[in-house]
Amino acid sequence: MEGSGVGGSESGSMSTVSREDNMVVSSEDSSCPDESDLELGLGLSLGGKTGGFKMHQLSKGGQFARILTAKDLPSVISAASPSSSSSSSSSSLSRANVTAGTKRTADSVAAANGSSQVVGWPPIRAYRMNSMVNQEKNMATEGFNSTMVNHKSETSMVEKTTAGIGKYQNNGNIKLRKSLFVKVNMDGIPIGRKVDLNAHESYEKLAKTLEDMFLKTTSSVNPVGSMTLELGVMKKITRPSKLLDGSSDFVLTYEDKEGDWMLVGDVPWEMFLSSVKRLRIMRTSEATGLAPQLQERNQRQRSKHN
Amino acid sequence: MQKKVACSFPDEVLEHVFSFIQSDKDRNAVSMVCKSWYEIERWCRRKIFIGNCYAVSPRMVIRRFPKVRSIELKGKPHFADFNLVPDGWGGYVLPWIAEMAGAYPWLEEIRLKRMVVTDECLELIAKSFKNFKVLVLFSCEGFSTDGLAAIAASCMNLRELDLRDSDVDDLGGHWLSHFPETYTSLVSLNSSCLGSDEVSLSALERLVGRCTNLRTLRLNRAVPLDKIANILGRAPQLVDFGTGTYGADLQSDVFSSLAGAFSSCKELRSLSGFWDVVPAYLPAIYPVCSRLTSLNLSYVTIQSPDLVKLLRHCPSLQRLLVLDYIEDSGLEALSSSCKDLQELRVFPSDPFGEEPNVSLTEQGLVSVCLACPKLQSVLYFCRRMSNVALVTIAQNCPNLTRFRLCIIEPRTADFLTLEPLDVGFGAIVEHCKDLRRLSLSGLLTDRVFEYIGRYAKKLEMLSVAFAGESDLGLHHVLSGCESLRKLEIRDCPFGDKALLANASKLETMRSLWMSSCAVSFGACKLLGQKMPRLNVEVIDESGPPDSRPDSCPVDKLYIYRSVAGPRFDMPPFVWTMDEDSALQVHALHVAEYNRKPDWIGVGTYEESIQGLRAKMPFVLYLAELSNTSQCSSQPLLSGDTTLTPPRPLLRLPIETLESDDKTQRSKEGKYMIKMRYSMNPTICFEIRPISTRSFPGV
C-alpha cells in the first residue's frame, strides 16, 4: 500500500470510521475516493465554543450545508484496542506511514527529488545546516591537528568531533538524508528553481529531473488558475531532449567553487557534488567557452551510439 | 440632546493619551471604540506590524495609516525554513517599498522576515527615506552586498543593520567602506551571515572605531581570530558581540591580547559566533563570563567537559544555545551553575545518524527543568523521550511559554512503555497555562490533540509532524484552541472533514499550512469559494491539481486570511482557489499587433489586463525572452485597473524594447512582459510585421 493515510475515505452512511480505515493507506492514483464520497458540505462552525453542532440530512445533490459532529468522527478514547497491541500495530503502521508518507512526499515532489526522502526533517533551519556543513569543510581542509596543543584528551576530542559533525554531509541514510539544494536557472525562464542534488545518485537522474522541471510537454502546462509561461513559449522547447549528450538546444553547466562555469558530466559524481555551487541550463549557442568540450563530447557520444 | 463626554476632548488630548499606548493589540482595541477614536488613532499610529504580507495590500495600509514611521513585515510561511516551500513562492517586498517610498518619506524602520529583498529594493530604501534608521532582514534572501553598499552610502542616520540568517550574495567586504568617514551613528551591526572569505578589515576597524555608540557587533566568519582584539579594543562599550572564526594556531601573544581585550569590555552581556572553535582559546572569554546573560555556543563542536568548564564561569546566564555535545552530564552541571536560566536550545550535532553519537537523552532536559525555576523557553533535539519525563517537566516548569521538542526519528514512542506520548504532552499543556508556542514530535494519537484543544487556551502557534490518526485530531485543535494564530502541519492523516467543519475558525487565524496530509483538491476549491476572506493556495510542483480528480489529495496547502484578495505574484506551481478559480486565467494570449515602427497596440492590452483582473496598480516592463535577467529600464506600460474607468495605458516606442544595446536584435520575435512587482512572466507578446496601421485612438 502506498500513499499516506487518507482521512476522507468514508462510507455514505457515516458510520463510525474505524481507526484501521483511517490508517489504511491508499495509492495516490488509483484509489482516490470517487466523487460521491465527497458529500461534505461547508458549515459555519459557530457552535464551536459550546460544542453544539446540529447534523442535517444530506441530499444526494449535496445542496445543504452539512455540519459534522463529533459523532461522525471516531472517538479515540473509546476505541477498544489495548495499548500494547495498538502501539505495536501503530508502530508497524507508523513505519508504513513513514515510508508511505515518504513515498508520497517523494511522489509529489518527484520532479524535484526523484528518490524517497523526507524533506525538511529533522526541522533544522537551512541556515544552520549550511553553517555546520561549512564548518566541517573548513575543519577537513585546515589540518586540524596542527592547531592543537599537545594534549592527549584534546586530540581524541578532535577525532570524535570530526566524526560527529561529519554526519551533516550525505551519509547514505536514505530516510533522513541531508539535502544539498542548489539553484538552477535556465536561459529564457526568469524563475529559477532549486534541486536537491543529494536526492540523485547520478548525472542521468539529475538530467531527467531537470528535463521534467524545465522542458515539460505542453500537456502538463495548464494555464487555468495558474500563472504559467505562455503556451507558445513552451511549444518551442518541448521536443524530447537530453541535456547531457548534446542533442538538445540546451546544455547543462554548473558553477564550481572557484567561480568557473563547467560542463556537467565530466568529473565523477561525488567530486561534482563537492564542488558545485549552482546549475545553469544554457543555450548551446551561448556555451561558447565550453564549445570545444561540447563538441568533443558530442563526438564521443555520437560515436558511442553508432 | 446632551453631547457625549468623549466628544468634548480635543483630538490633541486623545492623541497624547494614545501616544502612551504602544502595543499593537491595545492600539487596535482603541481604534474600535468609536469612529472618532478610529480616526484619531490612525493618524497617530507610528508603528505597524503585518504578520503576513499578503493579508493586506500596501495601498490599504497607507490609506488607513498615513504617518507610519516603522513597519514590520513577514513573508513566507515558517516551514520555508526547512525547505518545504519551493523557491519562487513569493514574499516580495518591492511592492511595499515602492508604495512606501512615495507615501512615507519619513519612514525610519523596516523589519522583514522571510521575504525576498532585491538590491533594487535596498537602493530604493537608500534613496527614498531621508531619516532611515533601522533595517532588519531576518532570514531574507535575494540581495547582495551591493545593495548593502547603497544603504551604507546613503543612510546617514542609520543606527541598526541586522542581516540575521539571511541568504546574501556576498561579493566581498568592500560594502563596508561605503559608510562615509563622517558616519558615526551605528548602534547595531549584525553581518554574521555573510559567507565570503573576503572582508575589508580596515574598513571594519575604522567603522567600529568611529561609531562610539556601537552596542551590538556580530561579525561574519571571515574575520579571523587574531583581529578580534583590535576590534574589541576600539569598542569596549559593546554589549553584544559575535566573533568570527574562533580558531587559529595557538599563540600565547594572540591569546593574551584577546583575553585583555575581552576583559576591558565591561558591558558585554552576550556572546555568539565561535565558528571553528579551538578550545584552547576559549578561556580568553573567562573575564566576561560572570556577567554574561546570553551565550550562543551552537556552532561550538567541543565536548562536554570543556563546555561545562566554560559554563561554570557563567552564573548569570539566562539564555544558552548549545550543541548536544553537552550531553546529560553537562546539562546537569548547567542546572547547578545557572539558576537564572530562562531559555535553553540544544541542537543536534548528528541529525542524520541512525545511532546516537552523544549521550544526550530526556534526562538532560529534565535535570534543567527541575533545577531552573525561571525556565520559559525550550528547544530540544533528542532521540528518546518518555511520558514520565514530560510530566516531570510540566509539573516543575509551569511557566513555560515556548516548548519545542524534536525527537529526531518520526513517531518514536515512549521508550519506557512503548506507548504514545499523548499523556506527556497533555501534561505540558495542562500545567503550562501560559504556553504560547508548542512543537510536537514522537508517536502521537488523536488523544494529544484532545488535550491540546482542552487545555492550551493561550496557545498561539502549533507545529505538528507525523502525528495523529484521523480528522478528529485536527478538529480538536481547531475547535478548542481559542488563541491559535498559526498552525503548521506536515505528514499527518488529516483530511477534509475537520478543515471544512472549522472553516470559519481559519478566519480568526493568521495562517494554516498543511503538507503531505490528506486534504483533497475538491475541499480546497470549496473552501476557496465559500470563504472569500481566505486565500486558499495549493502548492503542487507535479502539475496543475485540476488535472487529477477532485478527490485526490493536494501536496501542500497554505491558507491565510486576507483583506487584499488573492495575490497575483504566484509562481506556476501555486494555484489560488478563488470564487472564479475555474475561470481565472493568468496567462494571456499571444497578441497580434499592428506594427507601427513607433508604438504597440493598446486595445489588446486592455482586454488582457481585464482578464488579469489586477487589483493593484502595475507597471509592465518588457524583456526579451532570451535575456530575461535584464529588463528594460523604461516602463513600457502602466495602468491602474482599480480605477474606473481604468487609466489609459501609455505607449512607448518600440525602440525602448531593446533591453540591451549591445546585442543585435530584430524587432520581431517573442517578448515577455514582467509585472513590475513580481518576478513572474505574465504576458507574452509576439510582435510581427503587418502592413496596415489602424489603431483605435486612445
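Chain identifiers are assigned alphabetically (A, B, ...) following the order of the sequence lines, protein sequences preceding nucleic acid strands; residue numbering begins at 1 within each chain. Computed over heavy atoms, backbone and side chain alike; hydrogens, waters and symmetry mates excluded.
Judged by distance alone, with hydrogens and angles left aside, the side-chain atoms of A/R125 form no donor-acceptor pair with the main-chain N or O of B/D165 at under 3.5 Å. The closest donor-acceptor contact from the side chain of A/W121 to the backbone of B/I408 lies under 3.5 Å.
Evaluation of the salt bridge (charged side-chain N to carboxylate O under 4.0 Å, His left out) rule for B/D167 yields no partner, not counting sequence neighbours.
Of the atoms belonging to B/S439, not a single heavy atom falls under 4.5 Å from chain A. Proximity to chain A involves both the backbone and the side chain of B/S192, based on heavy atoms less than 4.5 angstrom apart. Looking at B/L474, there are no atoms closer than 4.5 Å to chain A (heavy atoms on both sides), in backbone or side chain. Contacts of B/F381 with chain A are made by side-chain atoms alone, with heavy-atom separations under 4.5 Å and no backbone atom involved.
Under the side chain to side chain contact (heavy atoms under 4.5 Å, CB included) rule, A/P122 has a single partner from B/C406, B/P410, B/P348, which is B/C406.
Side-chain contact check for B/R404 versus A/P123: every heavy-atom pair is 4.5 Å or farther apart. Using a 4.5 Å heavy-atom cutoff, the side chains of A/Y127 and B/C193 are in contact. Under the 4.5 Å side-chain criterion, counting only non-hydrogen atoms from C-beta, A/M132 is not in contact with B/F347.
The CZ atom of A/R128 lies 6.5 Å from the CG atom of B/L323; values are rounded to the nearest 0.5 Å.
The residues B/D87 and A/K183 are annotated as not salt-bridged, no charged nitrogen and carboxylate oxygen being separated by less than 4.0 angstrom.
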